[in-house]
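What follows is a short report on a single structure.
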Amino acid sequence: MLGAGSWGTTFAKVLAEGGNDVVLWARRPELAREISETKRNSDYLRGINLPISLVADSSVERVLDGAEQVYLSVPSQSLREVLAQVRDLIPADVPVVSLMKGVEKGTALRMSEVICQELGLDSGRIAVASGPNLALEIAKRQPTAAVVASESAQTAAEVASAATNPYFRCFVNSDVIGTEFGGVLKNLIAVAIGIVDGVGYGENTKASIITRGLAEMTEFAVAFGGRPETLAGLAGLGDLIATCGSPLSRNNTAGRLLGQGYALADVVRQMNQVAEGLASVAPVLELAEAKGVTMPIVSQVQQVLSGTLAPRDLAPHLTDTDEPQGE
C-alpha cells in the first residue's frame, strides 16, 4: 500500500484483516515507526488499533519488494510524481489498484489512465476500488461494501477477494470509466451540499441537490462511455449518499466552511488532508464542455470557489435556465 493517510491506512487494515500480510509505505520514517511498533497512526486514525500483520516502512523499495498486489492511495495530483519513483520497482504482472477519486489537473485524466500512461501497463492489470467508504467508519469495522472495477474479470476478482473480510464486502464490474467518474463526481456534489449546509439551508435543499447532482453525474459518465447502472450503484449513488451526509467527508467539510464564509485559501489551510473535490472541479468542467454536457451544480461550485458567486445563491440554480425542464 503506497500512502499512509486515513484511506490508505484504513484499506491496508481491511486487507490485513482479510488475512493478508500488508506493508504500508509512509513517506515519514517516524510515521512508519509508529505504525509498525505501536500499531497506531495517530496523525490520521486517532484511537484505532491496527492489525499485527500490518507493518510500515519509509523505503518504497522495501515495501514493493516481492509484492503480489500494489495499492495506490496518494493525493491524485501527486500520483504521477509517485509513479515516476516506483515505475521500475513494481513486480511484473501484479495487479495495480487505484483507491483515489480525482482527475489530474492539466491532463484531465482519470487515475487509471495516469497509471496506465506512467507505468506502461496493460489496462487489464489495473483495477479501481470505490464506494461508500468513509475511512474512520471502516477503520472502526462498521459494515460496508465497495465495488472493484477492471477490464479484466480475473483482476477484479483477485482484488475483491483480497479486500473481503467480516465487515467489508466487494462487488465487481468491468465499468472502470463509470466507477472512477462516480468517485470523482460525488466529491463535487458533496462540496455543494457542504456549502448549502454551511449557509443554513435544510433537507429539501440538500435532497434537491443530491438528486439533480446524481443526474449530472450520470449524464457526464455516460457521455464518456460509463454505464448508467454503475452510477445507480455503490460507486455512484452509494458513495454520493455517504459523502453528502457525513461530517467525516473532507469534501463536505470543505464545502461547509465555504458556506460559512471562509475563503478558499483559508479552507485549504484548515484541512488536515486533501479534499479531492476542490482540485477536480476545473478539469471535470473542461471534460464536460468537450462533450457538451451541462453541469449547473458543478459550475456554480466553481463560481463559489472563485469568489464570483455568493454561497447562498448556489442552491436556487439547479438548472441553467428558468424555463421548465424535463426531469
Side-chain angles (χ1 to χ4, degrees), residues 7 71-74 76-77 79-80 83 95-133 145-160 163 170-190 213-243 251 276-277 279-295 297-298:
W7 185 221
Y71 292 78
L72 297 165
S73 182
V74 299
S76 59
Q77 306 310 318
L79 175 60
R80 194 176 292 273
L83 293 176
V96 176
V97 187
S98 169
L99 304 179
M100 298 155 294
K101 300 176 179 179
V103 174
E104 188 179 45
K105 284 184 176 179
T107 67
L109 293 176
R110 292 176 283 112
M111 297 294 98
S112 68
E113 293 177 307
V114 175
I115 294 168
C116 190
Q117 186 181 88
E118 195 67 27
L119 298 183
L121 299 184
D122 178 271
S123 57
R125 280 181 58 193
I126 300 171
V128 300
S130 194
N133 299 148
V147 60
V148 176
S150 176
E151 292 180 14
S152 163
Q154 179 180 345
T155 296
E158 287 178 4
V159 173
C170 286
F171 294 77
V172 297
N173 72 38
S174 59
D175 184 11
V176 175
I177 294 172
T179 300
E180 280 194 290
F181 275 139
V184 171
L185 297 169
K186 60 85 189 182
N187 283 336
L188 314 189
I189 306 304
L214 180 60
E216 287 188 22
M217 291 168 56
T218 303
E219 183 180 359
F220 181 101
V222 169
F224 282 89
R227 298 198 293 263
E229 58 267 30
T230 303
L231 276 296
L234 290 166
L237 179 59
D239 203 1
L240 183 65
I241 292 170
T243 309
N251 294 284
E276 296 282 17
S280 296
V281 172
V284 162
L285 287 174
E286 289 174 17
L287 288 169
E289 184 178 6
K291 289 287 188 180
V293 176
T294 302
M295 304 187 79
I297 296 173
V298 178

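- The distance from the NZ atom of Lys186 to the CD1 atom of Ile241 is 12.5 Å, given to the nearest 0.5 Å.
- The nearest pair of heavy atoms linking Ala145 to Leu234 is CB-CD1, 3.9 Å.
- Taking each heavy atom of Ile189 and Gly213 in turn, the nearest pair found is CD1-CA, 3.7 Å.
- Nearest heavy atom pair, residue Ser150 against residue Val176, reads CA-CG2, 3.6 Å.
- Checked by atom type and distance alone, the side chain of Glu118 never pairs as donor or acceptor with a backbone atom of Glu113 at under 3.5 Å.
- Side chain of Glu158 to backbone of Pro95: no donor-acceptor contact under 3.5 angstrom is found.
- Separating the CG atom in Asn133 from the NZ atom in Lys101 is a distance of 5.0 Å, to the nearest 0.5 Å.
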Stepwise side chain to side chain contact (heavy atoms under 4.5 Å, CB included) check, Ile126 with Thr155: CA-CA 7 Å; Ile126 300 171; Thr155 296; over 6 Å; no

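- Closest heavy-atom contact between Ile177 and Gly226: CG2-N, 3.8 Å.
- The 12-atom threshold is not exceeded at CD of Glu289, counting heavy atoms of other residues, nucleotides or ligands nearer than 6.0 Å.
- Under the 4.5 Å side-chain criterion, counting only non-hydrogen atoms from C-beta, Leu231 is not in contact with Val222.
- Looking at heavy atoms from C-beta onward, Thr243 lies in side-chain contact with Asn187 at the 4.5 angstrom threshold.
- Taking both residues in full, the closest heavy atoms of Ser152 and Gly124 are given as CB-O, 3.2 Å, listed atom of the first, atom of the second, then distance.
- At least one side-chain heavy atom of Val284 sits less than 4.5 Å from a side-chain heavy atom of Met295.
- Two residues are said to be in side-chain contact when any heavy atoms from C-beta on lie closer than 4.5 Å; Leu109 and Arg80 meet this criterion.
- Contact detail for Thr179 and Ser130: the closest heavy-atom pair is CG2-CB, 3.8 Å.
- Note that CE of Met111 is 6.5 Å distant from CE of Met100, once rounded to the nearest 0.5 Å.
- Interatomic distance, CG of Leu214 versus CD of Glu219, reported as 12.0 Å (0.5 Å rounding).
- Rounding to the nearest 0.5 Å gives a distance of 5.5 Å between CZ of Arg227 and CG of Asn173.
- Among residues at least two apart or in separate chains, ring-ring contact (aromatic ring centres under 6.0 Å, His included) pairs with a member in residues 217-242 are Phe181-Phe220, Phe181-Phe224, Phe220-Phe224.
- Taking CD of Glu151 as the reference point, atom SG of Cys116 lies at 8.0 Å (rounded to 0.5 Å).
- With contacts defined as side-chain heavy-atom distances shorter than 4.5 Å, the pair Leu185/Glu216 does not qualify.
- Contact of the Val281 side chain with the Val298 side chain is registered, since non-hydrogen atoms from C-beta on lie closer than 4.5 Å.
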